[in-house]
Amino acid sequence: MFSVSDEMIRTIRYFLSVCCVVALFFVSPVPCGAGQAEGPVPAVIRHTAKLPGQTALAPQPTLLEPTLPIVDISGKQFVEFRWEPKTSPYRVWYYVFRLYRGYEMTPVRQLYAREVSALTAAIAISINYFKDGESYTWSVVQVDAGPLFSDPACGTFRVVKK
């Protein structure tokens, strides 16, 4: 018969083995639009797409800023993006923020991707990523315990520099 400590060790080993196997399905690099940004584009390593037939189990976050169709970057160093969860912020593990050039949310048009802490719910992007007169789309995916991924909440705007 096993002692209590041996049983606990076996349970912990089993749990860690299962976690490692499950992690293999969620770890994959996010392709970024090579050559479209002046600096290096950070990669988000977790897979945020739903599996075929899977419904979104986490609610979409609410986008707060920018919400206007035109963003003036004159005299600014950064463009600030803010959002908030629709559910309790204590259920959120993190957010996945992505910025795209134009209206298409495809890997080729992606300029920037980053995991953002659940405590922050905001990110400031340097104006070096933006060009006067061009349109941009940004998206935020909320990741809750599970991990449960939301559908992306998206916003679009055009940049002007007066």
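Note that the structure is predicted; figures quoted are calculated from it, not measured.
Put simply, CZ on Arg158 and OH on Tyr103 are 8.0 Å apart, with the number rounded to the nearest 0.5 Å. Note: Ser139 OG to Asp151 CG = 11.0 Å, rounded to the nearest 0.5 Å. Here CG of Leu148 is found 10.0 Å from CD of Gln142. Values are rounded to the nearest 0.5 Å. One finds the OG1 atom of Thr156 at 10.0 Å from the CG atom of Leu63 (value rounded to the nearest 0.5 Å). The CG atom of Asp144 lies 10.0 Å from the CZ atom of Phe149; values are rounded to the nearest 0.5 Å. In this structure, Glu84 CD and Glu65 CD are separated by 12.5 Å, a value rounded to the nearest 0.5 Å.
Connectivity analysis of hydrophobic side chains (ILVMFWY, heavy atoms under 4.5 Å, direct or indirect) links Val160 to Ile70. Cluster partners of Phe78: none. The rule joins Ile, Leu, Val, Met, Phe, Trp and Tyr whenever side-chain heavy atoms lie under 4.5 Å apart, and it links nothing here. Within the hydrophobic cluster formed by Ile, Leu, Val, Met, Phe, Trp and Tyr side chains joined at under 4.5 Å, directly or through other members, Leu68 stands alone, with no partner residue.
Residues Ala118 and Trp93 share a closest heavy-atom pair of CB-O, 3.5 Å. Taking every heavy atom of both residues into account, Ser150 and Pro61 meet most closely at OG-CD, 3.9 Å. The two atoms that bring Phe157 and Val71 nearest to each other are CD1-CG2, 3.6 Å, heavy atoms only. In terms of heavy atoms, Asp132 sits closest to Val159 at OD1-O, 3.6 Å. For the pair Gly102 and Thr137, the tightest heavy-atom approach, listed with the atom from each and the gap, is O-OG1, 2.7 Å.
Residues forming a side chain to side chain contact (heavy atoms under 4.5 Å, CB included) with Thr67 (at least two apart in sequence, or on another chain): none. Residues passing the salt bridge (charged side-chain N to carboxylate O under 4.0 Å, His left out) test with Glu134 are Arg101, sequence neighbours excluded. Residues passing the side chain to side chain contact (heavy atoms under 4.5 Å, CB included) test with Ala122 are Glu80, Arg82, Thr120, sequence neighbours excluded.
Using a 4.5 Å cut-off between side-chain heavy atoms of Ile, Leu, Val, Met, Phe, Trp and Tyr, with links allowed through other members, Tyr100 and Phe97 fall into different hydrophobic clusters. Leu99 and Met105 fall into different hydrophobic clusters, where Ile, Leu, Val, Met, Phe, Trp and Tyr side chains are chained together by heavy-atom contacts under 4.5 Å.
Here the side chains of Lys131 and Tyr136 are in contact, with some heavy-atom distance below 4.5 Å. Taking 4.5 Å as the limit, some side-chain heavy atom of Phe81 sits within range of a side-chain heavy atom of Pro66.
Ring geometry for Tyr112 against Tyr129 counts as perpendicular: the plane angle is over 60°, on a 0 to 90° scale with 30° as the lower cut.
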